[in-house]
Amino acid sequence: MPGPEGDKPMSKWSLSELLAGLHDDIENRLALARKSLAHPTTKGDASEEVWLEMLRKYLPQRYQAAKAHVVDSRGTFSEQIDVVVFDRQYSPFIFNFQGQSIIPAESVYAAFEAKQAINADEVAYAQQKVASVRRLHRTSLPIPHAGGTYPPKTPAHILGGLLAFESEWNPPLGKPLTDALSKGGPDVRLDLGCVAAHGTFGCDEKECYTLIPQGKPATAFLFELIARLQSTATVPMIDIRAYAKWLAT
């Protein structure tokens, strides 16, 4: 029986079109923020929110995304991070104070900077922001189970990256980008990122590289992030008493 007028038969649906549409929505909203908003801070806040909304909408619900500072049990804070992907299923607390989110270091999976355009200075800036999170101390307790306890889990590598609308280089994702990404050690490595108008990039222990998906960079970035989060499994069991000691100061 034919569906209501305007319904698209299931046989006519296209996964390729759906995935391209997700990317188009992100790119169009980033472009609109860049063109329509004059104040640099307002423009930057709008761009950050585009990326945050995408992650909040499409990441599995065990993950959350927010603009935040990260704190460890020794009382050290990271710099403010534009996009923090963190665990909410096993995290016992997330502070919200005067509109600012503060997340315990043990709960963090990934940290990203969000910028209008990518260049060497923005890459270096993002590297230092990510390093301010990775250098924090993370506790890990033994995990009780029915047969006893599992040993404390070694905290996983915190993913770091940079998200932008466009590139100031020509070509947009050429050697100048990979050269900039290759500077520094493991603490500052940007594991993956997206330039919505051009493509994606990443680094591993051996090299940095760029990819130019045909018309779907934001979708490609989202899928790669989800895949890496899956391989990370669960954050360590936080030692809440290590934070509780600050109640006495």
Side-chain angles (χ1 to χ4, degrees), residues 22-23 25-27 29-31 33-34 37 40-71 77-88 91 94-96 99-119 122-136 156-167 181 187-197 199-203 217-230 232 235:
L22 189 160
H23 165 78
D25 176 57
I26 298 301
E27 184 177 7
R29 290 165 63 199
L30 289 170
R34 187 165 176 80
L37 301 175
T41 301
T42 304
K43 187 182 298 187
D45 289 345
S47 296
E48 292 165 11
E49 192 60 30
V50 171
W51 292 106
L52 285 168
E53 285 183 8
M54 180 188 76
L55 296 177
R56 289 166 181 158
K57 184 174 182 179
Y58 292 106
L59 285 181
Q61 291 188 359
R62 63 177 291 184
Y63 308 106
Q64 288 192 8
K67 182 173 185 174
H69 289 83
V70 182
V71 65
F77 287 79
S78 74
E79 298 184 45
Q80 187 176 59
I81 308 299
D82 293 336
V83 179
V84 179
V85 178
F86 60 97
D87 177 86
R88 200 62 188 95
S91 298
I94 303 295
F95 293 114
N96 289 285
Q100 301 295 316
S101 296
I102 302 170
I103 299 167
E106 292 85 350
S107 302
V108 176
Y109 287 105
F112 297 94
E113 276 299 291
K115 298 298 178 184
Q116 292 291 309
I118 191 171
N119 57 37
E122 297 295 9
V123 169
Y125 183 72
Q127 289 172 327
Q128 294 308 311
K129 284 290 199 79
V130 169
S132 78
V133 177
R134 289 181 176 146
R135 290 168 185 157
L136 296 175
H157 173 71
I158 293 175
L159 297 172
L162 177 57
L163 308 171
F165 168 56
E166 59 187 358
S167 171
L181 291 169
D187 277 356
V188 303
R189 188 175 80 218
L190 300 184
D191 303 283
L192 72 164
C194 179
V195 184
T200 62
F201 61 86
C203 296
T219 309
F221 163 76
L222 175 65
F223 282 12
E224 180 61 21
L225 174 59
I226 292 173
R228 296 199 188 196
L229 290 173
Q230 289 175 327
T232 301
V235 294

Quiz item: Is a side-chain N or O of K129 found less than 3.5 angstrom from the main chain of Q80, in a donor-acceptor match?
Solution: yes
Quiz item: When rounded to the nearest 0.5 angstrom, what is the spacing between CG in L229 and OH in Y109?
Solution: 7.5 Å
Quiz item: Are any side-chain N or O atoms of D87 and backbone N or O atoms of V235, one a donor and one an acceptor, separated by less than 3.5 Å?
Solution: no
Quiz item: Considering the options L192, L181, V123, which one meets the side chain to side chain contact (heavy atoms under 4.5 Å, CB included) requirement together with F201?
Solution: L181
Quiz item: Taking all non-hydrogen atoms of both residues, which atom of A31 and which atom of F165 are closest, and how far apart?
Solution: CB-CZ, 3.5 Å
Quiz item: CD/E53 to OH/Y58 distance, rounded to the nearest 0.5 angstrom?
Solution: 11.0 Å
Quiz item: Looking only at heavy atoms, what is the nearest atom pair of Y63 and V85, with distance?
Solution: CB-CG1, 4.2 Å
Self-check item: Taking every non-hydrogen atom, the tightest pair across V188 and R135
Solution: CG1-NH2, 4.3 Å
Practice problem: Search all heavy atoms of T232 against all heavy atoms of A156 and return the closest pair with its distance. | Solution: CG2-CB, 3.7 Å
Practice problem: Give me the one residue out of L162, L163, T219, I118 that meets side chain to side chain contact (heavy atoms under 4.5 Å, CB included) with C194. | Solution: L163
Exercise. Answer yes or no: is there a donor N or O on one side and an acceptor on the other, between the side chain of D191 and the main chain of G160, under 3.5 Å?
Key: yes
Practice problem: Go through the steps for E122 and Q116 under the test side chain to side chain contact (heavy atoms under 4.5 Å, CB included), then give the verdict. | Solution: CA-CA 10 Å; E122 297 295 9; Q116 292 291 309; over 6 Å; no
Exercise. Would you check if W51 and M54 make a side-chain contact, meaning some heavy-atom pair closer than 4.5 Å?
Key: yes
Practice problem: Specify the closest pair of heavy atoms between V70 and P104, including all atoms of both residues, with the distance to one decimal. | Solution: CG1-C, 4.1 Å
Practice problem: Compare all side-chain heavy atoms of I158 with those of L136 and state whether any distance is below 4.5 angstrom. | Solution: no
Practice problem: Nearest 0.5 Å please: distance from the CD atom of E48 over to the CG atom of D82. | Solution: 3.5 Å
Quiz item: Excluding sequence neighbours, so at least two apart, what forms side chain to side chain contact (heavy atoms under 4.5 Å, CB included) with S132?
Solution: S78, E79, I81
Quiz item: Do any N or O atoms from the side chain of R88 and from the backbone of Q61 form a donor-acceptor pair under 3.5 angstrom?
Solution: no
Quiz item: Of all heavy-atom pairs between S101 and K67, which one has the smallest distance, and what is that distance?
Solution: CB-O, 3.7 Å
Quiz item: Can you tell me how far CZ of R189 sits from CG of L159, rounded to the nearest 0.5 angstrom?
Solution: 9.0 Å
Practice problem: For the pair L225 and L55, evaluate side chain to side chain contact (heavy atoms under 4.5 Å, CB included) and give the outcome as yes or no after the intermediate values. | Solution: CA-CA 10 Å; L225 174 59; L55 296 177; 3.7 Å; yes
Exercise. Could you tell me the separation between the CZ atom of F221 and the CD1 atom of I226, rounded to the nearest 0.5 Å?
Key: 9.5 Å
Exercise. Check whether any side-chain heavy atom of E113 lies under 4.5 Å from a side-chain heavy atom of V130, and answer yes or no.
Key: no
